[in-house]
Engineer: 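Take this structure, written in structure tokens, and hold onto it; I'll ask about it next.
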Amino acid sequence: MATFLIRRLIQMVIVLLASAIVSYALLYLAPGGPTTGLRQIQQGGRNSITAEDIARIKARFELDLFLPYRFTRWLAGFPSGPITIGGQTFFADTPAGCAIPGQVRLRYPDGTSEIIEEGCEEYVTFADLADRRTSRGIIFGDFGNSQVILRDRPISVLIESRLPYTLQLMGAALFISILIGVPLGIYSAVRQYSRFDYVMTTVSFVGSSLPTFVIGIICILIFAIAAKEAGLPYLPPGSAVALSDYTVPWIGTVESESTLDRLLHFIMPCGVLVFVNIAGYSRFIRSGMLEVLRLDYVRTARSKGLRERTVVLKHALRNAILPFITLLAGVFAELFGGAAITEAIFNWPGLGRLLVDSIERTDYTVAMSLTMVSIFLLLLGYLITDILYSVLDPRIRLS
Amino acid sequence: MTTPARTRPASQWQLIVRRFTKHRVAMFCLYILISLYLVSMLAPYIAPYPRDEISLDRSYVTPMQTSKIGTFHVLGTDHIGRDFFTRLIYAARVSLTTALTVVTISTIIGVTVGLIAGYFGGWVDNLVTRFIEFISTFPTFTLLLIAGSIILQSEQAIPIPEILTKIFSFLMAINEREARQVVMIVVIFVLLGWTGVARFVRGMVLSIREQLYVESSRALGGSHIHNMLTHVLPNAMPPIIVAYTLGLSGTLVSESALSFLGFGIQDPTPSWGNMLSFANSYMFNYPWMPLVPTLPILVCSLAINYVGDGLRDALDPRVQTEVRREQRDALLAAIRERSKS
């Protein structure tokens with residue numbers, strides 16, 4: 001067990017590091033970032049932006065450093081300046097980046113010309129790095145600063161403001177859907193081919209084949225728009241709290257930011273997630289149960305004269321629920337990452353929408369942090385389910 | 001006396017087809033899908049209006065209504081007066097072709113890789129599985145978003161051979177600049193999509209290659225390629241076909257989701273997802289509007305899933321007893337015929 005854990009942990013670190021490199025490189029390729037649009041400002045008017053201004057902004061966001069240094073500084077906060085060993089500094093004058101790129105004008109034979117960045121006019125040296133603020137590195141829990149959304153403020157502030165909403169939504173949705181989905185799956189397997197089973201499988205089939213955004217939009221159309229027009233109690237179509245008080249028939253005036261207001265906003269996104277999850281879970285449990293109920297040991301249990309209830313819930317379920325645990329490996333990552341599409345439709349201020357926003361507005365440090373945390377949580381989930389599996393199923397030995 | 005007519009036992013595939021055609025819902029869905037695709041292929045001839053014709057005189061026309069300037073619109077018009085019906089069938093062409101190409105290419109790649117890894121085992125298998133495991137730790141949807149935003153901002157993000165853009169612009173009835181963008185989306189989906197197929201094909205091949213018939217073919221001196229193509233692959237085929245159909249609806253849905261969020265296929269090129277994302281912002285004033293692009297997504301994803309379900313029932317080896325019963329019935333019928341004469 002111990003050797004297994006150690007090996008898995010080493011593996012985890014390697015995979016995490018590799019995925020950090022890949023996603024950093026991918027986002028490095030992406031255009032955009034905090035200097036977008038500066039060129040356009042530069043064209044017009046008195047407040048023209050000089051090359052020095054751009055260099056200053058780039059330095060603020062570390063965009064002027066060479067890729068390997070940017071990566072290691074982002075990952076672990078290294079190098080934070082020239083290396084000092086025993087009072088002697090090394091590499092003080094080694095270039096670590098390029099503050100102002102050189103410009104070359106290319107004149108083509110047909111008379112047109114083009115300015116291309118080539119070489120470097122002014123280098124950033126390691127000595128310069130010492131004066132800069134340095135993040136402690138993402139592996140030590142310092143996510144660095146947001147580049148666009150919260151210009152120049154820590155990403156952790158951003159995450160902290162969104163995390164409660166996502167935890168609330170995903171946590172409640174998961175809890176409710178396991179609470180409902182598992183019994184439904186069991187019941188439908190026990191009563192296979194009954195009318196209940198037929199309805200259940202059809203509904204869950206439809207639920208798991210429809211995309212969430214379709215279900216979400218239809219829900220808004222019915223429960224928010226149509227219900228409001230019909231004078232029935234309606235649900236607010238989006239966001240987590242209302243900006244001002246509003247009146248709902250039968251319920252009366254709902255105060256903005258009251259518990260009732262929050263609850264009303266919560267029902268629809270949570271309901272959609274619950275519906276989709278239940279569809280998946282109950283199908284999964286049903287097929288698992290059907291497989292197990294056919295086995296000899298279940299027949300033995302029945303022939304011993306045990307009550308059907310005991311046979312199903314004690315003997316069969318224990319084996320049928322095992323694969324379900326693997327399904328829950330992604331739970332941590334899901335709890336953190338949120339449901340991007342559902343959050344986008346219902347304008348829910350969670351982390352899923354933050355991810356979409358950050359990519360849309362090219363705030364890549366935020367996107368990177370979110371991705372890294374979810375990869376970490378996913379790996380953690382795998383590890384935990386592996387351990388859980390071996391605890392629950394004595395047939396499996398970890399080695 | 002004539003010799004009794006010998007009934008030739010139905011082949012495996014004939015049985016499968018017979019069982020599939022018995023699945024009423026699946027057949028119905030298959031017809032719907034085929035006719036939808038045919039309609040979308042005939043889009044330039046069926047469409048009542050030019051695809052991108054903007055006219056503010058006829059914006060926000062409700063379905064089945066005539067606009068101020070006297071044009072009739074079956075499914076209404078959008079915020080800048082483009083005919084929804086026209087755009088929907090063009091979009092069907094884009095969305096369905098995208099899904100089809102993505103799943104076809106990623107299945108071909110995945111099957112090849114999975115077959116080779118599973119058949120040869122050893123270090124090849126090790127390398128492939130490690131690589132696949134590594135790729136699957138990435139949150140797919142996040143990667144799709146990032147890649148989508150990259151190609152959104154630079155048209156040269158992925159070098160695309162011109163012949164491909166030409167083929168796609170022909171297939172989807174869109175111009176080459178639009179096709180370029182669609183091809184990049186296809187490339188991203190394929191890059192992220194093949195690993196799932198490869199993983200499960202590998203798993204199946206691992207058990208198939210241990211079967212007696214593969215071993216005897218090997219003993220008879222069959223080459224590796226021969227073994228893989230004539231013995232292993234056909235036996236792995238049924239689940240691959242099911243996975244193919246389910247992948248189709250998965251890709252269709254994630255492409256529309258991506259376009260819905262604004263990172264997929266971009267506006268002048270119609271796709272159900274991006275049409276929905278525009279219609280969605282007018283839902284409070286025109287509640288019918290989001291329903292129009294929702295409907296084909298809903299119908300298609302349901303229909304494809306039903307077809308997949310029917311295929312699974314028809315192909316599932318666990319229903320083999322039914323095959324046995326059919327075979328037994330046929331044999332019994334033959335014996336009875338003989339005893340009668």
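Not measured: the values here are computed from a predicted model. Convention: sequence-line order gives letters A, B, ...; per-chain numbering from 1.
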Engineer: Measuring heavy-atom distances to chain A, does B:S254 have an atom under 4.5 Å in its side chain, in its backbone, in both, or in neither?
Structural biologist: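 Looking at B:S254, nothing touches chain A.
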Engineer: By a 4.5 Å heavy-atom criterion (distance strictly below it), what part of B:S249 contacts chain A: side chain, backbone, both, or neither?
Structural biologist: neither
Engineer: Shortest non-hydrogen contact from A:S19 to B:F134?
Structural biologist: N-CE1, 3.7 Å
Engineer: Can you name the closest pair of heavy atoms from A:L221 and B:P287 and give their distance?
Structural biologist: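 So the two residues come closest at CD2-O, 3.4 Å.
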Engineer: A:I345 versus chain B, heavy atoms under 4.5 Å apart: side chain, backbone, both or neither?
Structural biologist: side chain
Engineer: Name the region of B:I304, side chain, backbone, both or neither, that has any atom closer than 4.5 Å to a heavy atom of chain A.
Structural biologist: neither
Engineer: Which region of A:I218, side chain (C-beta onward) or backbone (N, CA, C, O), has a non-hydrogen atom less than 4.5 Å from a non-hydrogen atom of chain B, or is it both or neither?
Structural biologist: side chain
Engineer: Counting only heavy atoms from other residues, nucleotides and ligands, does the tally under 6.0 Å from CZ of B:F131 exceed 12?
Structural biologist: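 No.
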Engineer: Is there a side-chain contact between A:F213 and B:N280 (heavy atoms, below 4.5 Å)?
Structural biologist: no
Engineer: Could you state the interatomic distance from CE (A:M372) to OG1 (B:T142), rounded to the nearest 0.5 Å?
Structural biologist: 12.0 Å
Engineer: How long is the straight-line distance from CG of A:L210 back to CG of B:L298, given to the nearest 0.5 Å?
Structural biologist: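 Reported value, rounded in 0.5 Å steps: 4.5 Å.
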Engineer: What part of A:A344 gets within 4.5 angstrom of chain B, counting heavy atoms only: side chain, backbone, both, or neither?
Structural biologist: side chain
Engineer: Which distance, rounded to the nearest 0.5 Å, do you find between the CG of B:L258 and the CD1 of A:I341?
Structural biologist: 8.5 Å
Engineer: Could you check which of A:A340, A:S374, A:A18, A:A224 has the highest count of heavy-atom pairs closer than 4.5 Å to chain B?
Structural biologist: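 Of the options given, most contacts go to A:A18.
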Engineer: How long is the gap from CD1 on B:I150 to OG1 on A:T362, to the nearest 0.5 Å?
Structural biologist: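 With rounding to 0.5 Å, CD1 (B:I150) is 11.5 Å from OG1 (A:T362).
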Engineer: Which one wins on heavy-atom pair count under 4.5 Å against chain A: B:L252, B:L145, B:L291?
Structural biologist: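 Result: the option with the highest number of such pairs is B:L145.
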Engineer: Please flag which part of B:F263 lies under 4.5 Å from any non-hydrogen atom of chain A: side chain, backbone, both or neither.
Structural biologist: side chain
Engineer: How many angstroms lie between CD1 in A:I217 and CD1 in B:I297, if you round to the nearest 0.5 Å?
Structural biologist: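 Output value for this atom pair is 8.0 Å.
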Engineer: Are A:L355 and B:F141 side-chain neighbours, meaning at least one heavy-atom pair lies under 4.5 Å?
Structural biologist: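 Side chain of A:L355 against side chain of B:F141, heavy atoms only: no contact under 4.5 Å found.
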Engineer: Is A:L379 in contact with chain B via its backbone, its side chain, both, or neither, using a 4.5 Å heavy-atom distance?
Structural biologist: side chain
Engineer: Out of A:V356, A:I14, A:L16, return the one with the most heavy atom pairs under 4.5 angstrom to chain B.
Structural biologist: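 Option with the top pair count is A:V356.
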Engineer: Taking side chain as C-beta onward, heavy atoms only, is B:F260 less than 4.5 Å from A:P211?
Structural biologist: no
Engineer: Which atoms of A:L378 are under 4.5 Å from chain B, going by heavy atoms: the side chain, the backbone, both sets, or neither?
Structural biologist: side chain
Engineer: Using every non-hydrogen atom in the two residues, find where B:M283 and A:I220 come nearest and quote the distance to one decimal.
Structural biologist: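 Shortest heavy-atom contact: CE-CG2, 3.7 Å.
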